[in-house]
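Below is one structure, written out as structure tokens; the observations come after it.
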Number of protein chains: 2
Amino acid sequence: MIKVSRINEDEFSVECKKDHRELYGIAYTQNILSGRWKHLILWFLKFNPHRYNEIKTRLGGISQGSLTKQLRELEADGLINRKIYAEVPPRVEYSLTSKGEELIPIIDLMEHFGKKFGDKID
Amino acid sequence: MIKVSRINEDEFSVECKKDHRELYGIAYTQNILSGRWKHLILWFLKFNPHRYNEIKTRLGGISQGSLTKQLRELEADGLINRKIYAEVPPRVEYSLTSKGEELIPIIDLMEHFGKKFGDKID
DNA sequence: CGGCATCCGGTTTGATACTG
DNA sequence: CAGTATCAAACCGGATGCCG
């Protein structure tokens with residue numbers, strides 16, 4: 001069995017039998033991408049940095065609480081940067097880290113797969 | 001907002017604004033891969049067909065109920081085949097469909113990413 | 001503007017017992 | 001062997017109200 005659980009902000013606990021080590025990489029990646037909106041947030045950031053409200057507007061249905069939570073988790077996993085500008089009104093921009101950028105090919109493949117096999121919505 | 005929900009065994013309902021259509025493919029793929037064990041099941045089947053108990057043993061910690069449910073969902077989404085042999089004791093083999101095989105590159109990338117960035121467990 | 005704290009309800013997962 | 005059925009536990013995600 002593979003069990004990946006968070007100990008604190010930036011540390012995972014991993015339990016798995018020797019036989020299953022080869023599956024660990026998959027479990028780890030699945031773990032940091034778990035969440036209703038994370039794929040979409042990363043995909044949106046791949047083009048440019050974006051502000052909090054830009055992301056929220058783009059995703060449409062997400063609540064403030066959920067968005068904040070997902071952004072915090074992505075940040076804790078080292079996938080995005082959070083930059084605060086000392087202005088009034090406040091401005092916060094999110095951008096991909098190099099680690100986060102390495103997830104983009106996966107998300108692009110997912111988009112391609114979904115376009116090929118998903119229902120058409122035209 | 002993008003909302004992908006299952007209407008019945010083989011049909012999805014998709015709600016999304018025009019602006020978000022480009023994100024639909026991602027949401028679709030995420031949807032059919034949602035589940036604690038699906039990535040691992042697909043990855044395990046990429047090499048060869050396997051029997052129910054082989055999968056269960058391989059995954060270690062999964063319960064019968066959960067495994068059956070995940071397999072049924074994968075089958076309903078057209079990702080795996082279920083072949084029943086009329087023997088005693090019964091034998092059931094699961095294998096990837098061509099659609100399921102197209103998910104393997106994604107899962108391989110996830111494995112690679114996890115191996116690169118995940119905690120070492122040696 | 002960009003959050004945080006709290007509560008609540010639906011979904012998902014797992015444990016257990018039983019079966020063709 | 002390969003399930004089904006039932007119930008309990010855990011895990012989000014969303015809604016709401018408040019704040020610097």
Side-chain angles (χ1 to χ4, degrees), chain A residues 1-6 9 12-13 15 27 30-41 44-45 49-77 80-95, chain B residues 1-7 12-13 15 27 30-41 44-45 49-77 80-95:
Chain A
M1 180 186 187
I2 298 162
K3 187 178 176 186
V4 184
S5 48
R6 192 181 302 276
E9 290 277 305
F12 284 102
S13 145
E15 305 167 31
Q30 184 185 6
N31 199 272
I32 65 172
L33 281 178
S34 71
R36 171 102 171 63
W37 304 96
K38 285 184 186 169
H39 299 76
L40 303 176
I41 293 169
F44 186 42
L45 291 181
H50 285 285
R51 300 176 62 172
Y52 182 91
N53 264 341
E54 290 174 333
I55 300 171
K56 186 171 184 314
T57 303
R58 181 65 163 204
L59 297 181
I62 195 171
S63 66
Q64 284 181 333
S66 297
L67 177 55
T68 300
K69 202 175 159 200
Q70 307 258 312
L71 288 170
R72 288 291 170 280
E73 288 178 11
L74 289 168
E75 192 189 359
D77 289 332
I80 61 172
N81 291 124
R82 180 166 176 263
K83 187 169 183 184
I84 307 168
Y85 294 86
E87 302 174 356
V88 179
R91 181 155 68 103
V92 179
E93 274 190 1
Y94 293 91
S95 59
Chain B
M1 179 186 190
I2 297 162
K3 187 178 176 187
V4 184
S5 47
R6 192 182 302 277
I7 298 175
F12 284 102
S13 144
E15 306 167 31
Q30 184 186 6
N31 198 271
I32 66 172
L33 282 177
S34 71
R36 170 100 172 65
W37 304 95
K38 285 184 185 169
H39 300 76
L40 303 176
I41 293 170
F44 186 41
L45 291 180
H50 285 285
R51 301 176 60 171
Y52 182 90
N53 262 341
E54 290 174 333
I55 300 171
K56 186 172 183 316
T57 303
R58 182 65 162 204
L59 297 182
I62 194 169
S63 66
Q64 286 179 331
S66 296
L67 178 55
T68 300
K69 199 178 164 207
Q70 306 256 314
L71 288 170
R72 290 288 173 283
E73 288 177 9
L74 289 169
E75 193 189 357
D77 288 332
I80 62 173
N81 292 125
R82 180 166 177 262
K83 186 169 182 183
I84 307 168
Y85 294 86
E87 301 173 356
V88 178
R91 182 156 67 102
V92 179
E93 273 190 1
Y94 293 91
S95 58

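In what follows, every chain begins at residue 1, and chains take the letters A, B, ... in the order their sequences are listed. Side-chain atoms are counted along with the backbone in the values below, which use heavy atoms only and exclude waters and symmetry mates.
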A/Ile80 and A/Leu71 have their tightest heavy-atom pair at CD1-O, 3.5 Å

[atom1] of [X] versus [atom2] of [N]: gap in Å, rounded?
X       : N      : atom1 : atom2 : answer
A/Ile62 : D/dG14 : CD1   : P     : 6 Å
B/Leu67 : C/dA15 : CG    : P     : 13 Å
B/Lys83 : D/dC1  : NZ    : C1'   : 18 Å
B/Lys56 : C/dA15 : NZ    : C1'   : 11 Å
B/Glu54 : D/dC1  : CD    : P     : 11 Å
A/Leu59 : D/dG13 : CG    : C1'   : 14 Å
A/Gln70 : D/dG13 : CD    : C1'   : 8 Å
B/Arg36 : D/dC11 : CZ    : P     : 11 Å

Under 4.0 Å from OP1 or OP2 of [N]: is there any side-chain N or O of [X] that close?
X       : N      : value
B/Arg72 : D/dG3  : yes
B/Ser66 : C/dG14 : yes
A/Arg82 : C/dG2  : no

Nearest 0.5 Å, please: how far is [atom2] in [Y] from [atom1] in [X]?
X       : Y       : atom1 : atom2 : result
B/Gln30 : A/Arg36 : CD    : CZ    : 7.5 Å
B/Ile32 : B/Lys38 : CD1   : NZ    : 8.5 Å
A/Lys56 : A/Arg51 : NZ    : CZ    : 14.5 Å
B/Asp77 : B/Arg72 : CG    : CZ    : 13.5 Å
A/Asn53 : A/Gln64 : CG    : CD    : 7.5 Å
B/His50 : B/Leu45 : NE2   : CG    : 6.5 Å

Proximity to the side chain of [X] - top-ranked nucleotide from [options]:
X       : options               : answer
A/Asn53 : C/dG14, C/dC4, C/dG2  : C/dG2
A/Arg51 : C/dG3, C/dC1, C/dT12  : C/dC1
A/Trp37 : C/dC4, D/dG13, C/dT13 : D/dG13
B/Gln64 : D/dG13, D/dA2, C/dC4  : D/dA2
A/Lys69 : C/dG2, D/dC12, D/dG3  : D/dC12
B/Ser63 : C/dA15, C/dG2, C/dT12 : C/dA15

Ordered by number, residues from residues 85-95 of chain B within less than 4.0 Å of DNA chain D (heavy atoms) are B/Pro89, B/Pro90, B/Arg91, B/Val92, B/Tyr94

Test item: A/Gln70 side-chain N/O and A/Trp37 main-chain N/O as donor-acceptor pair under 3.5 Å: yes

Quiz item: Is the backbone of B/Glu54 close enough, under 3.5 Å, to the side chain of B/Thr57 for a donor and an acceptor to pair up by distance?
Solution: no

Over 60° means perpendicular and under 30° means parallel, so classify the ring planes of B/Tyr94 and B/Tyr52, tilted if in between.
-> tilted

Rounded to 10°, the angle between the first-five-pair and last-five-pair axes of the helix from C/dC1-D/dG20 to C/dG20-D/dC1 is 50°

